[in-house]
Amino acid sequence: MQNLLFSSILPQVAYDPINGKFYRVRKNSEVASEVFPDETGKLFIAPSVNQKKLLMKAIKVAWIILNSKEVPNTHIVYAKNFDTTDCRAFNIGILPNEDFAKLREAFNNIHRDLKIKPHKTDQYSCVIQFRENGVLRKLICADVIQAKKLQRRLLVKYTKIVGKYLS
């Protein structure tokens, strides 16, 4: 418990940045017990003595305690490994809303949206689909080789975006 961090913004919570655990703090600055996020990754906390309890994402609470300031409205706190239950300090990042949208879209393209499908009517053509700026795009390719080349280029593009923010 020697690694605990405290913040004046959230005085009722202590944070262990190495293990990613949260602890309740009593009024006399004594650590009471470990606090566990619920199944959605949120903590019940009291920001000050006179205010009612708040429900905040655990990863956001960790960032606030680490940096001793509030999260700007134009930014999003995210988990670098996309596991929001992992609140260790090295896994927490913050991005502007636009950059986070690009990161999420690139991640989803790599793992879910980027596909090569056969064309419905032309048996020699293929359709490659992916998301770009939130819109599902479909491009018709003359053959499988052209589709695979385009898929490889798109995978490299999206992997660079993901690698930029998640490393």
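Annotation: side chain of I116 is not in contact with side chain of V144 (no heavy-atom distance under 4.5 Å). Taking the side chain as every heavy atom from C-beta outward, V162 and F82 never approach each other to under 4.5 Å.
Closest of all the heavy-atom pairs between A89 and L66 is CB-CD1, 3.9 Å. The nearest pair of heavy atoms linking I94 to P72 is CD1-CD, 4.1 Å. Scanning both residues, P37 and A58, for their nearest heavy atoms gives CG-CB, 3.9 Å. The shortest heavy-atom contact between R24 and V35 is N-CG2, 3.5 Å. Nearest approach of V61 to F22, heavy atoms of both residues: CG1-CE2, 3.8 Å.
Using a 4.5 Å cut-off between side-chain heavy atoms of Ile, Leu, Val, Met, Phe, Trp and Tyr, with links allowed through other members, F90 and Y78 fall into different hydrophobic clusters. Note: the hydrophobic cluster containing L154 does not contain I140 (ILVMFWY, side chain heavy atoms under 4.5 Å, direct or indirect links).
Of the possible polar contacts, none joining the E30 side chain to the R26 backbone as a donor-acceptor pair under 3.5 Å is found. Within the 3.5 Å criterion, the main-chain N or O of K42 finds a donor-acceptor partner in the side chain of D38. A distance-only check finds no donor-acceptor pair linking the side chain of D113 to the backbone of L136 [under 3.5 Å]. Within the 3.5 Å criterion, the main-chain N or O of I64 finds no donor-acceptor partner in the side chain of Y15. With N81 contributing its side chain and D83 its backbone, the two residues share a donor-acceptor pair below 3.5 Å.
Taking CG of N109 as the reference point, atom CD of Q151 lies at 11.0 Å (rounded to 0.5 Å). A distance of 8.5 Å separates CG of N133 from NZ of K102, quoted to the nearest 0.5 Å. Atom NZ of K60 sits about 14.0 Å away from atom OG1 of T84, to the nearest 0.5 Å. For the atom pair CG (L139) and CD (Q129), the distance works out to 10.5 Å, reported to the nearest 0.5 Å. Between the CD1 atom in I59 and the OG1 atom in T85 there is a gap of 9.0 Å [rounded to 0.5 Å]. The distance from atom CG of D143 to atom SG of C126, rounded to the nearest 0.5 Å, is 7.5 Å.
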Show, in sequence, the C-alpha distance, side-chain angles and deciding distance for V31 and L4, and conclude whether the side chain to side chain contact (heavy atoms under 4.5 Å, CB included) test is met. CA-CA 9 Å; V31 176; L4 294 181; 3.6 Å; yes
Run the side chain to side chain contact (heavy atoms under 4.5 Å, CB included) check on W63 and K69 step by step: do they pass? CA-CA 8 Å; W63 190 89; K69 59 183 178 181; 3.9 Å; yes
Residue pair V127, H119: steps toward the side chain to side chain contact (heavy atoms under 4.5 Å, CB included) verdict: CA-CA 6 Å; V127 176; H119 194 274; 3.8 Å; yes
So I76 and L95, side chain to side chain contact (heavy atoms under 4.5 Å, CB included) or not? Walk me through it. CA-CA 5 Å; I76 292 178; L95 283 175; 5.7 Å; no
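Dense packing is recorded around CG of L55, with more than 12 heavy atoms of other residues, nucleotides or ligands lying under 6.0 Å away.
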